[in-house]
Amino acid sequence: MLVSIKKSYEEVSKAAAVLVAERIRRKPNLVLGLATGATPIGLYQELIRMNREDGLSFSKVTTFNLDEYIGLPRTHPQSYYQFMWEHLFRHIDIPSRSVNVPDGMAGDIEGHCEWYEEEIRRKGGIDLQVLGIGANGHLAFNEPGSSLGSRTRIKTLTEQTVGDNARYFKSIHEVPKTAITMGIGTIMEAKEVLLLASSASKAEAVRAAIEGPITALVPASIIQMHRKAYVTIDEEAASKLTHTFSG
Ligand code: PGA
């Protein structure tokens, strides 16, 4: 695990973009796992800039998103599908057929989850998976208590996660209570993982994930078992770490 502590959110975003861009330049048909949430927005802005100004092309890249709310149509402004188009896909040269976001309106959700796993396999597996971390230690929508071997499936969100995400909806009652999420086993099969975190609200989760015991109660702690994990965080998110890591 390579922990890199940056002075600011902007530096976290730039360092993450440099790593993603390097992997795309090395393998233009990279299979890239993506995350939603406030944290990766800066990374996506930087990738958009690199696409426009530095000749970084996504024309052969395939993406797989981690998760999606169940019950929100893709046209809903708070669906993760919309989020990805708004914050990244519509600004870069990626063909729409190359992006994959779980479909929270699928008729047969379980069948859809199996299909999603199969699609990842068919593309040769995820080369690099971008991850955020929940204040409760969740990874994607794998909430505390999720099986560390889990695959893509339906999960019920915890009250904390529903509360954390309520800021994006008109009222907390509109926040979906269930989601499709890649499993922890799915995420761990990515050849490399890049976990990003910013702000003091993540400090305890970051500490538990990288210095605490590996436990299903802190799903992100599984990252300690990954052979190629990069953890790029700002000083506030690193403020509860007791070991010293250099940037
Ligand atoms: P955030 O969410 O980036 O909006 O903080 C991360 C997460 O919950 O995984």
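Since this is a predicted model, take the numbers as computed values, not measurements. When a residue number appears, it is its place in the shown sequence, counting from 1. Just so you know, ligand 1 is whichever comes first in the structure, and atom 1 is the first atom listed for that ligand.
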Task: Short side-chain to backbone donor-acceptor contact, H91 and E86, under 3.5 Å - done: yes
TODO: Report yes if some N/O of H138 lies less than 3.5 Å from some N/O of ligand 1; otherwise report no.
DONE: yes
Open item on the list: Please confirm whether the ring centroid of F58 lies under 6.0 Å from the ring centroid of F89.
Closed with: no
Task: Salt bridge R49-E53, side-chain N to carboxylate O under 4.0 Å - done: yes
TODO: For G134, counting its heavy atoms only, list the atoms of ligand 1 lying under 4.0 Å from any of them.
DONE: 7 (C), 8 (O), 9 (O)
Open item on the list: Does this structure show an ion pair linking E204 with R207, if we count only N-O contacts that are shorter than 4.0 Å?
Closed with: yes
Open item on the list: Whether E189 and R151 form a salt bridge (side-chain N of Lys/Arg under 4.0 Å from carboxylate O of Asp/Glu) is what I want to check.
Closed with: yes
Task: ligand 1 to A38 polar contact by distance, N or O atoms, under 3.5 Å - done: yes
Open item on the list: Regarding atom 1 (P) of ligand 1: of the candidates L196, T39, L66, which has the closest heavy atom?
Closed with: T39
Open item on the list: Please determine whether a side-chain nitrogen of the Lys or Arg among R23 and D127 lies less than 4.0 Å from a carboxylate oxygen of the Asp or Glu.
Closed with: no
Open item on the list: Check E10 with K14, please: is the shortest side-chain N to carboxylate O separation under 4.0 Å?
Closed with: no
- [ ] Would you please determine whether R167 falls within less than 4.0 Å of ligand 1 on a heavy-atom basis?
- [x] yes
- [ ] Return the residue, atom name and 0.1 Å-rounded distance of the protein heavy atom closest to atom 5 (O) of ligand 1.
- [x] K202 NZ, 2.5 Å
Open item on the list: Which residue and atom name correspond to the protein heavy atom nearest atom 6 (C) of ligand 1, and how close is it?
Closed with: I133 O, 3.6 Å
Open item on the list: Counting only heavy atoms closer than 4.0 Å, does ligand 1 sit against the backbone of D164, its side chain, both, or neither?
Closed with: neither
Open item on the list: Could you tell me, atom by atom, which parts of ligand 1 come under 4.0 Å of a heavy atom of G37?
Closed with: 3 (O), 4 (O)
